[in-house]
Amino acid sequence: MAAAHENSDTAVEEKQVVLSYDVASEVDARPEGIGRDYQLKCNLINRCFQEEIGFGRYQWQLFVITGLGWLADNLWLQGLAIVLPQVQQELDPVRVEYAILAEFAGLIVGATTWGVMADLIGRRLSFNITLFLAGLFGLAAGGAPNFVTFCSLIACMGFGIGGNLPVDGALYLEHIPQSHQWTLTLLSVWWALGQLVASLISWGFIANFSCNPLIPSGQCAKSANMGWRYALYTLGALTFLMFICRFFVFDVQESSKYLVAQGRDEEAIKVLEHIARRNGRTITLKLEDLQAISGDTTSKPVPNLSTIVWNAFSGISHIRPLFSSRRLVINTTLIIVIWGLIGIAYPLFNAYLPLYLSAQDSASGSSSVSETYRNYSIVSVLGVPGSLIACATVDYTRGTGRWFVGGRKLVLAVSTMLTGLFLFLFTTSTTTAAVLGYSCASGLTQNAMYGVLYAYTPEVFPAPHRGTGDALCSALNRIGGLIAPLIKIATTPLSGTASANTANGPVFVSAALFMVAAILTILLPIETAGRMAL
């Protein structure tokens, strides 16, 4: 019996030696600021996913459920952009851009709140509640009697939808094997579909239930302009349906990596066993294997409300590790700044694209609402292949050297730079065909860019601090979106859509910011392609 015990101890020791070797071999690509015990436990969990659980039924269902969150994010971002011309015509605000300002104010608070909460109380609660809030206030916005009420409800909707991207990507990444981390990039297809769904729904309603665009703002009766309201009602109902699928249909499991980071090893094993059963597999990883690493045989209880509140006020503990070394300081700072620049550039063009297209149609002698939204739908369709291109290239373009661009970084830099180039060309357009062509080209490259950006960001942060890292990036991205309407207001006359030339100022700024973001991407010191995410 003593011999058996000795053999068991030897086996544990050998396992730790192997794990230490595995971690050491990848230390150059690993984010600092996390404990060795967590690294070893995470290595075991990654191995369990890769060799035993695999990518099966549970992961495919999770791909759909998390994808719906990404779809909802762009559904509302583009949905609001699409209805702005009709909102302006009916409610007659001094500046319709304030609606975008309100949306991004909500997105900032939502991204920060739900991202940080994901590290404090887990991914599962944040994952479930965001779509509920978005659907509720999105529906209410469709019945807004005036512009102030409309903006207030849109801000509340933004608070809910703002948590989708930082939480959903983290939850998905922590439930898949390393061999399928490329599917995180594929999730951006849902983002592209969000724009397409929003444009098709709005095209059908707005083209058939809207005032004549020649009617001056403020003289368009509500009864003759119900199209944008019908569109928001439909988007709100779809968002509620997504929430029902998440909460009642799919059994979302908490992240095992989050659980071991909290010392809740027993719960982590139960999660892994549940996922394995869903995939028709079994696992050999035991609770004792995790406990042997730290030497702790006790499981920590689920934290109570007072502990959660205390942790919420001490959230700096999740921020400091993101800047715990020179390389992390550089990488974390750069990726946050990149998110901020793109946060200004993307809505500065896309949030007002229907207004730009409408202005160009008017300048070319066309006043057809249907034609404007047909063109917008065409641009939306081109976003889907952009995501697929990004997914096909992120793991096949590899650089060498610490500061060279490779893998995710290469695709991100090229797609971002091409986006800026196409927007520069957009400002030179004098015909509807040219405007449409450059809009389609930029739509393709923008979705490729976002596909890689949304994959790289959660990969580069370790699970204990991933929600907070994603929250910082997303929050600065949303702050950029808050700045975008101010730039739009400053670079266009009060009439806003009086001339197609009014688009040139904000679009030129957008193009320049994309170019700067592309240059900063090249300077990122960490490449995540081919690496297991901790």
Side-chain angles (χ1 to χ4, degrees), residues 23 26-36 38-39 41-43 45-46 66 70 111-123 126-127 163-176 178 181 184-185 187 254-262 311 315-340 342-343 394 407-409 412 450-478 520-521 524-534:
V23 172
E26 298 182 0
V27 70
D28 287 341
R30 293 304 186 192
E32 296 83 352
I34 58 176
R36 176 181 177 276
Y38 170 77
Q39 283 187 319
K41 290 181 179 181
C42 192
N43 196 293
I45 292 174
N46 282 335
T66 52
W70 289 31
T112 305
T113 300
W114 300 116
V116 173
M117 289 297 284
D119 281 342
L120 297 178
I121 63 174
R123 283 67 161 127
S126 299
F127 182 76
N164 277 321
L165 293 178
V167 176
D168 294 13
L171 183 69
Y172 180 75
L173 178 62
E174 291 164 15
H175 281 94
I176 59 175
Q178 187 272 332
Q181 281 182 206
L184 186 59
T185 304
L187 271 177
E254 184 55 86
S255 163
S256 55
K257 294 180 180 179
Y258 164 78
L259 291 172
V260 297
Q262 301 297 312
N311 288 340
I316 189 68
S317 62
H318 289 285
I319 297 177
R320 189 181 297 112
L322 302 177
F323 300 89
S324 59
S325 69
R326 181 176 179 274
R327 189 172 68 149
L328 270 183
V329 167
I330 295 173
N331 204 83
T332 301
T333 302
L334 284 179
I335 194 63
I336 290 176
V337 171
I338 289 169
W339 273 86
I342 292 177
V394 288
R408 272 95 162 122
K409 294 191 297 180
L412 180 57
Y450 261 122
V452 183
L453 188 63
Y454 283 130
Y456 176 85
T457 305
E459 285 179 341
V460 83
F461 296 129
H465 320 294
R466 181 169 289 134
T468 302
D470 287 350
L472 291 174
C473 292
S474 189
L476 200 65
N477 181 264
R478 305 310 191 180
L520 293 181
T521 299
L524 288 168
I526 298 177
E527 172 59 65
T528 63
R531 302 286 186 178
M532 283 188 180
L534 284 178

Please answer whether the main-chain N or O of Leu173 pairs with a side-chain N or O of Gln181 as donor and acceptor at a distance below 3.5 Å.
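It does not hold such a pair.
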Would you say the side-chain atoms of Ser474 pair up with the backbone N or O of Asp470, donor to acceptor, closer than 3.5 Å?
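No.
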Shortest non-hydrogen contact between [X] and [Y], atoms and distance:
X	Y	result
Val329	Thr333	O-OG1, 2.6 Å
Leu184	Glu459	CD2-CG, 4.2 Å
Arg408	Val452	O-CG1, 3.2 Å

Could you tell me whether the side chain of [Y] reaches within less than 4.5 Å of the side chain of [X], counting heavy atoms only?
X	Y	value
Tyr450	Ile342	yes
Leu453	Ile335	yes
Cys473	Asn477	no
Leu259	Glu254	yes
Val460	Thr332	no

Could you give the distance from [atom1] ([X]) to [atom2] ([Y]), rounded to the nearest 0.5 Å?
X	Y	atom1	atom2	value
Arg478	Thr112	CZ	OG1	10.0 Å
Trp70	Tyr172	CH2	OH	9.5 Å
Asn164	Trp114	CG	CH2	10.5 Å
Tyr258	Leu171	OH	CG	12.5 Å
Ile45	His175	CD1	NE2	10.0 Å
Ile336	Asn331	CD1	CG	10.0 Å

Is there a side chain to side chain contact (heavy atoms under 4.5 Å, CB included) between Ile338 and Leu524? Walk through the geometry before answering.
CA-CA 10 Å; Ile338 289 169; Leu524 288 168; 4.1 Å; yes
Please report the C-alpha distance between Ile330 and Ile526 in whole Å, then the side-chain angles of each, then the deciding distance to 0.1 Å, and finally whether the side chain to side chain contact (heavy atoms under 4.5 Å, CB included) criterion is met.
CA-CA 9 Å; Ile330 295 173; Ile526 298 177; over 6 Å; no
When Asn46 is tested against each of Lys257, Glu174, Gln178 for side-chain hydrogen bond (donor to acceptor under 3.5 Å, both in side chains), which residue passes?
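Testing each of Lys257, Glu174, Gln178 against Asn46, the sole residue satisfying side-chain hydrogen bond (donor to acceptor under 3.5 Å, both in side chains) is Lys257.
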